Amino acid sequence: MKWSQTLIPTLKENPSEAEIESHKLMIRAGLIRRITAGAYAYLPLGTLVLNKVIDIVREEMNRGGAIEVFLPALQPLNLLEESGRLNVFGDDLITFEDRHGKTTALGPTHEEIITDIVRNEINSYRQLPITLYQIQTKFRDETRPRFGVLRSKEFIMKDAYSFDVDYEGLNRRYKAMYDAYCRIFDRCGLDYIVCEADSGAMGGDVSHEFMVPSHVGEDLLIRCMECGYSANRERAEAAPISSKNNATLQEIKEISTPHTHTIQEVSNFLKVKPDTLVKTMIYISDGQPVAVLLRGDHEVNETKLTKLLGQEAVALADHNTIEHVTGARVGFAGPVGLQIKIIADQAVSVLRNFVTGANKPDAHLLNVNPERDFKIDRIADIRYVTKGDRCPKCNHEIDISQGIEIGHVFKLGTKYSDALKAKFLDSNGREKSMIMGCYGIGVNRIIAALIERSHDENGIIWPLSLAPYKVIIIPVNVNDAAGMKMANQIYDEIVNVAGVEVLLDDRDQRPGVKFKDADLIGIPIKIVIGKKFTETKELEIKLRKSGETFLTPPGEVHMKIRELCERLSKP
RNA sequence: CGGGGCGUAGCGCAGUUUGGCUAGCGCGCCUGCCUUGGGAGCAGGAGGUCGGAGGUUCAAAUCCUCUCGCCCCGACCA
């Protein structure tokens, strides 16, 4: 492609709309333009990169045994009602009314659609297993689109769904997809971490997230640098806190604490650290209030709590219920004297002589101790891991960092096949629910995540596999006939080499402009026809990433390019 | 949805507090000259309903009311 023939609108200055590097660079390099909040247009360069990613995803999904389909973005509400997810998605769902008054949604994901197809078309174990996937635009009315294509209202996703006759089959399918994901991200040149994740609103039991470590990531990664344990925030566990606390039990004492509602206020008022306080939170589970005890510096993990209580969801009790149950305003609840079930976090169970609310207005209790002063009904891990916690596997100190989620694989089990009655007859003629898995990749996010990890002060640094063009030819002076002739000759040669896309910067611009632009758009290999060519008839080949430079006679250029491409495509 | 900020030329911004504007600056764009190894120089030029609507005033980018859009923090988020 010749630069003058395409549209690559580069910008010298940073756009005011962008906050993070990848977003700034995608705009400056002319990959994307914002059309409205959370929706971006891909310009020619961005489209080329997008297609590179899609090609890789498609190849590896096919290799992993998945079969491509293409589902509609328009979805009827009744299927979402049937699966019970209409409420789950709530306001995130983008809907509209058609001319007949029927409400239709723009698909946020496609479990229901694919399950509907499969339940209609597959009836026998003989037709299973099967994994179907598509690459489609998804729509979610994000409360706050952010960071360019990292969180947008409209985004491209590769989503795959597997259907098996049993869990052994699901495990094989899961492994095949997991492996395909590794190949995809490897080929994209991404550094990624696989971490255990909770399956969240998707349902199901086991799941893994593929994360790219980045300080702009919106997810927290809990990792052990010693043994490799990694999990997301919802899922991560900490090693139990040692119970070797031999402190003598002190006498319980009530103390006046006017207007101290929060842990911080109590902590300041009593001049004690938050980790010697215990907070008592009243939750509603199955319609009944339960008390949840946490150390003052810890936060409740509602995902763990929900699972522990065996509920679909739990919620904090409202103020009236709290006052009714505890006899005091919010902020003064404590376990002593409570008539409801008490669940204590493991970290609380090993504390001695701690401070709690007194279940009276403006009062707290000092030197509270379990067993002596109240009874714990259940001890469990119900909190988020925090700094200072230790690895549950090897007890090394845990590391907490941020990451961008680029892929997620779930074992769904029968959540959707039960809800939507996707059943088959097994070899004994018995009807069974299909065992499902689902597997997603954020295609746009791969691009943004890659740029976050691979850029310098001059611009993007593409890996060969995603580069919109592998080679850029820069004739330093387009008015120099000999140089231009050579540029065109080299262009013709390389353009015919399979798989080596080349861009010829034929603009009548000063060399500085062309060099800056070439660096900005991140083309891996640069061929410069300038001073050296005039002097010695040699061409200069320079690598974007390392800055390495080679001088090559024109006759050997295409061999050299081949060689460099081979070298650069190795990890 | 709560809190904060911003809408002035394609992009980045000044001017708004204290009304006087025929609205300015840098980049980009167009023409010519000159220049050609890291975002050159000179000269000339085009480009604006100051987000929109209404109001106050002799006079509004500037003050008031409403409205639309965008960004940031939070809440939210397979």
Side-chain angles (χ1 to χ4, degrees), chain A residues 7 9-20 23-24 27-28 30 33-39 83 85 88-93 107-112 138-148 150-153 155 157-161 197-204 207-210 217-220 232-234 302-303 404-412 415-416 437-442 445 457-459 474-480 483-484 505 507-520 526 528-535 539-540 542 547 549:
Chain A
L7 177 65
T10 58
L11 298 176
K12 211 182 279 190
E13 286 170 290
N14 273 324
S16 62
E17 74 188 67
E19 190 81 355
I20 63 171
H23 189 190
K24 289 178 189 166
I27 293 167
R28 281 192 56 208
R33 287 292 183 265
R34 191 192 65 221
I35 299 303
T36 182
S83 71
R85 283 211 299 179
V88 176
F89 283 112
D91 289 339
D92 278 0
L93 201 64
T109 172
H110 282 75
E111 279 77 11
E112 286 81 1
K138 310 283 180 182
F139 299 87
R140 292 185 196 177
D141 193 0
E142 293 287 346
T143 48
R144 189 177 160 204
R146 223 191 305 213
F147 299 149
L150 269 188
R151 179 166 295 281
S152 47
K153 290 191 180 186
F155 56 99
M157 185 177 206
K158 185 288 301 170
D159 49 323
Y161 308 90
D198 190 82
S199 37
M202 294 298 292
S207 91
H208 286 92
E209 283 177 349
F210 290 75
E218 294 182 89
D219 295 284
L220 283 183
N232 73 2
R233 184 166 186 248
E234 304 301 320
E302 291 189 0
T303 305
I404 300 166
E405 182 187 355
I406 50 169
H408 204 154
V409 291
F410 297 83
K411 289 184 187 178
L412 291 175
K415 181 182 164 86
Y416 295 97
C438 82
Y439 319 91
I441 287 181
R445 276 190 179 181
E457 64 281 5
N458 293 314
I474 302 179
V476 161
N477 182 359
V478 295
N479 299 312
D480 170 38
M484 259 330 264
D505 190 349
R507 295 175 300 168
D508 185 4
Q509 288 284 1
R510 294 177 57 83
V513 173
K514 297 190 181 194
F515 290 139
K516 287 287 186 191
D517 271 348
D519 287 349
L520 178 61
K526 194 156 51 192
V528 181
I529 299 161
K531 205 159 53 189
K532 270 287 166 207
F533 178 70
T534 318
E535 289 165 2
L539 305 183
E540 189 180 317
K542 191 170 182 182
T549 307

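Here is how names work: the chains are called A, B, and so on, in the same order as the sequence lines, proteins then strands, and each is numbered from 1. Note that the structure is a prediction, hence the values are computed from the model and not measured.
- Residue A:V476 has its side chain nearest to B:G37 when only B:G39, B:G37, B:U35 are considered.
- Contacts of A:D517 with the nucleic acid, taken as non-hydrogen atoms under 4.0 Å apart, include base atoms.
- In this structure, A:H110 and A:Y161 have side chains that are in contact, with non-hydrogen atoms separated by less than 4.5 Å.
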All N/O pairs under 3.5 Å across the protein-nucleotides 31-33 of chain B interface:
none

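- Separating the C1' atom of B:G5 from that of B:U36 is a span of 45 Å, rounded to the nearest Å.
- Checking B:G28, B:U36, B:G37 against every side-chain atom of A:K12, the shortest atom distance belongs to B:G28.
- Annotation: side chain of A:D141 is in contact with side chain of A:K153 (closest heavy-atom distance under 4.5 Å).
- Whole-Å rounding puts the A:R507 CZ to B:G39 C1' distance at 10 Å.
- Across B:G32 and B:A61, the matching P atoms stand 37 Å from one another, rounded to whole Å.
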Please tabulate the protein-to-nucleotide N/O contacts below 3.5 Å involving nucleotides 74-76 of chain B, giving atom names and distances.
residue, atom, partner, partner atom, Å
B:A75, N1, A:T143, OG1, 3.0
B:C76, O2, A:T143, OG1, 2.6

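- Nucleotide B:G7 forms a Watson-Crick or G-U wobble pair with B:C68, both donor-acceptor distances falling under 3.5 Å.
- Side-chain atoms of A:R445 come within 3.5 Å of backbone N or O of A:L150 as a donor-acceptor pair.
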Margin query: For A:V409 and A:F210: C-alpha separation, side-chain torsions, deciding distance, then whether side chain to side chain contact (heavy atoms under 4.5 Å, CB included) applies.
Written below: CA-CA 8 Å; A:V409 291; A:F210 290 75; 4.1 Å; yes

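- Closest-nucleotide positions on RNA chain B for A:I529 and A:I441 were compared, and the one nearer the 5' end corresponds to A:I529.
- In this structure, A:K532 reaches the bases: a heavy-atom distance under 4.0 Å links it to at least one base atom across the strands shown.
- With hydrogens and angles ignored, a donor-acceptor pair under 3.5 angstrom links the side chain of A:D519 to the base of B:G38.
- Of the possible polar contacts, one joining the A:S207 side chain to the A:A197 backbone as a donor-acceptor pair under 3.5 Å is found.
- Rounded to an integer number of Å, the gap from CZ of A:F147 to C1' of B:C73 is 11 Å.
- A:E457 places its CD atom 15 Å from the C1' atom of B:G39, with the value rounded to the nearest Å.
- Here the P atom of nucleotide B:G37 and the CG atom of A:N479 are 13 Å apart, to the nearest Å.
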Expected string for nucleotides 2-16 of chain B under the B/S/- scheme (protein heavy atoms, under 4.0 Å, primed atoms plus P, OP1, OP2 as sugar-phosphate) is ---------BSS---

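- The base of B:U36 does not come close enough to the side chain of A:D480 for any donor and acceptor atom to sit less than 3.5 Å apart.
- B:C63 and B:G47 have their P atoms separated by 29 Å, with the value rounded to a whole Å.
- Between A:Q509 atom CD and B:A40 atom P the separation is 8 Å, expressed in whole Å.
- The gap from the C1' atom of B:A14 to that of B:A53 amounts to 27 Å, rounded to the nearest Å.
- The gap from the C1' atom of B:C76 to that of B:G19 amounts to 44 Å, rounded to the nearest Å.
- For the P atoms, the distance from B:C1 to B:U67 is 13 Å, rounded to whole Å.
- Comparing atom distances between the A:T10 side chain and each of B:A40, B:U36, B:G39 picks out B:G39 as nearest.
- Closest to the side chain of A:R28, out of B:G39, B:G37, B:A40, is B:G39.
- Nucleotides B:C34 and B:G52, compared at atom P, are 44 Å apart to the nearest Å.
- The pairing partner recorded for B:G74 is B:C1, the criterion being a Watson-Crick or G-U wobble arrangement whose two distances lie under 3.5 angstrom.
- For A:N458, the side-chain contact (heavy atoms from CB on, under 4.5 Å) partners are A:D456, A:K516, A:D519, A:R544, not counting sequence neighbours.
- A salt bridge between A:R146 and A:E218 is present, with a side-chain N of the basic residue lying under 4.0 Å from a carboxylate O of the acidic one.
- Residues A:K158 and A:Y439 form a side-chain contact, since some pair of their non-hydrogen atoms from C-beta on lies under 4.5 Å apart.
- The main-chain N or O of A:R144 is never found under 3.5 Å from a side-chain atom of A:R151 such that the two would form a donor-acceptor pair.
- Between the C1' atom of B:G37 and the CG atom of A:N458 lies a distance of 15 Å, rounded to the nearest Å.
- When side chains are defined from C-beta on, A:C438 counts as touching A:E111, because their heavy atoms get closer than 4.5 Å.
- Within 4.0 Å (heavy atoms only), A:K153 reaches no atom of the nucleic acid at all.
- For A:F155 and A:V478, each mapped to the nucleotide of RNA chain B holding its nearest heavy atom, the one lying further toward the 5' end belongs to A:V478.
- A:G530 comes within 4.0 angstrom of a base, heavy atoms only.
- A:K526 contributes no side-chain N or O that, together with a main-chain N or O of A:A518, makes up a donor-acceptor pair within less than 3.5 Å.
- Among the nucleotides B:C77, B:U36, B:G37, the one closest to the side chain of A:E540 is B:G37.
- With sequence neighbours left out, A:E17 forms a side-chain contact (heavy atoms from CB on, under 4.5 Å) with A:P15, A:H23, A:I27, A:R34, A:Y40.
- A side-chain contact (heavy atoms from CB on, under 4.5 Å) with A:E234 holds for exactly one of A:D219, A:L220, A:T303; it is A:T303.
- Residue A:D141 contributes atom CG, which lies 12 Å from atom C1' of B:C1 at whole-angstrom precision.
- Straight-line distance between the C1' atoms of B:U16 and B:U35: roughly 43 Å, to the nearest whole Å.
- Here A:K24 pairs with A:E21 under the salt bridge (Lys or Arg N to Asp or Glu O under 4.0 Å) rule; sequence neighbours left out.
- Rounded to whole Å, the distance from CG on A:D505 to C1' on B:G39 is 13 Å.
- For A:D508, the side-chain atoms get nearest to B:U36 when compared with the rest of B:C72, B:U36, B:G38.
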